[in-house]
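All remarks here apply to the structure that follows.
For the single chain, residues carry numbers from 1 onward in sequence order.
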Amino acid sequence: MKAYLIDANQQTVSPVDIAGLDDVKKHIGYDSVDSDEVDASGDRLFFDESCFLRDQTGKGRFKLDNLAPVADKGVVAGSTGDAANLKDAAVELAALQQRITWL
């Protein structure tokens, strides 16, 4: 499935291929993953739910639209109602890049 890896440390957004939630966890680097709905398209931002409880030394942060800031890495993927049923992200790379603020 088409998804996007947001890396706040490198300030990059890259297309990635995922097969499911396990791949999302691998890209983020942690098993404690949470998500927020991005918009009505079904896209979700997945992130380490403990990202601000962990050591933040040298880690960048980003904000997508009006969602809470996220530290380190996030993945945007599509969903059909919840985080367990993933599909291709609806947003295109260029549009997603315009919606991210590096902090």
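- For the atom pair Asp72 CG and Phe47 CZ, the distance stands at 13.0 Å (nearest 0.5 Å).
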Would Val70 and Leu64 satisfy side chain to side chain contact (heavy atoms under 4.5 Å, CB included), going step by step from the backbone distance to the final call?
CA-CA 9 Å; Val70 173; Leu64 175 57; over 6 Å; no
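- Considering only heavy atoms from C-beta on, Leu45 stays 4.5 Å or farther from Asp65 through its side chain.
- Nearest approach of Ala77 to Phe46, heavy atoms of both residues: CB-CE1, 4.1 Å.
- The two residues Ala8 and Phe62 make their nearest non-hydrogen contact at CB-CD2, 3.8 Å.
- Between Lys87 and Ser41, the shortest heavy-atom distance links the atoms NZ-O, 4.3 Å.
- For the pair Asp88 and Met1, the tightest heavy-atom approach, listed with the atom from each and the gap, is OD1-CA, 3.1 Å.
- Residues Leu103 and Lys63 meet the side-chain proximity criterion, which asks for heavy atoms closer than 4.5 Å.
- Contact check for Val75 versus Asp23: no side-chain heavy atoms found under the 4.5 Å cut-off.
- The two residues His27 and Lys73 come nearest to each other via the heavy atoms O-CD, 3.5 Å.
- Across all non-hydrogen atoms, the minimal contact from Leu21 to Leu86 is N-CD1, 3.7 Å.
- Leu5 CG to Gln10 CD: the interatomic distance, rounded to the nearest 0.5 Å, is 10.5 Å.
- Ion pairing between a basic and an acidic side chain is recognised when a charged N comes within 4.0 Å of a carboxylate O; Asp7 and Lys59 show no such pairing.
- For the side chain to side chain donor-acceptor pair (under 3.5 Å) test, residues two or more places apart in sequence or in another chain that qualify with Glu92 are Lys2.
- In this structure, the side chains of Asp48 and Val33 stay at 4.5 Å or more apart for every pair of heavy atoms.
- Summarising the geometry, atom OH belonging to Tyr4 is positioned 14.0 Å from atom OG1 belonging to Thr12; distances are rounded to the nearest 0.5 Å.
- Taking CD1 of Ile100 as the start and CG of Leu67 as the end, the distance is 11.0 Å to the nearest 0.5 Å.
- Between the side chains of Asn85 and Ser79, no donor-acceptor pair is found at a separation under 3.5 Å.
- The closest side-chain heavy-atom distance from Leu93 to Val13 is below 4.5 Å.
- One N or O on the side chain of Asp43 and one on the backbone of Val91 form a donor-acceptor pair closer than 3.5 Å.
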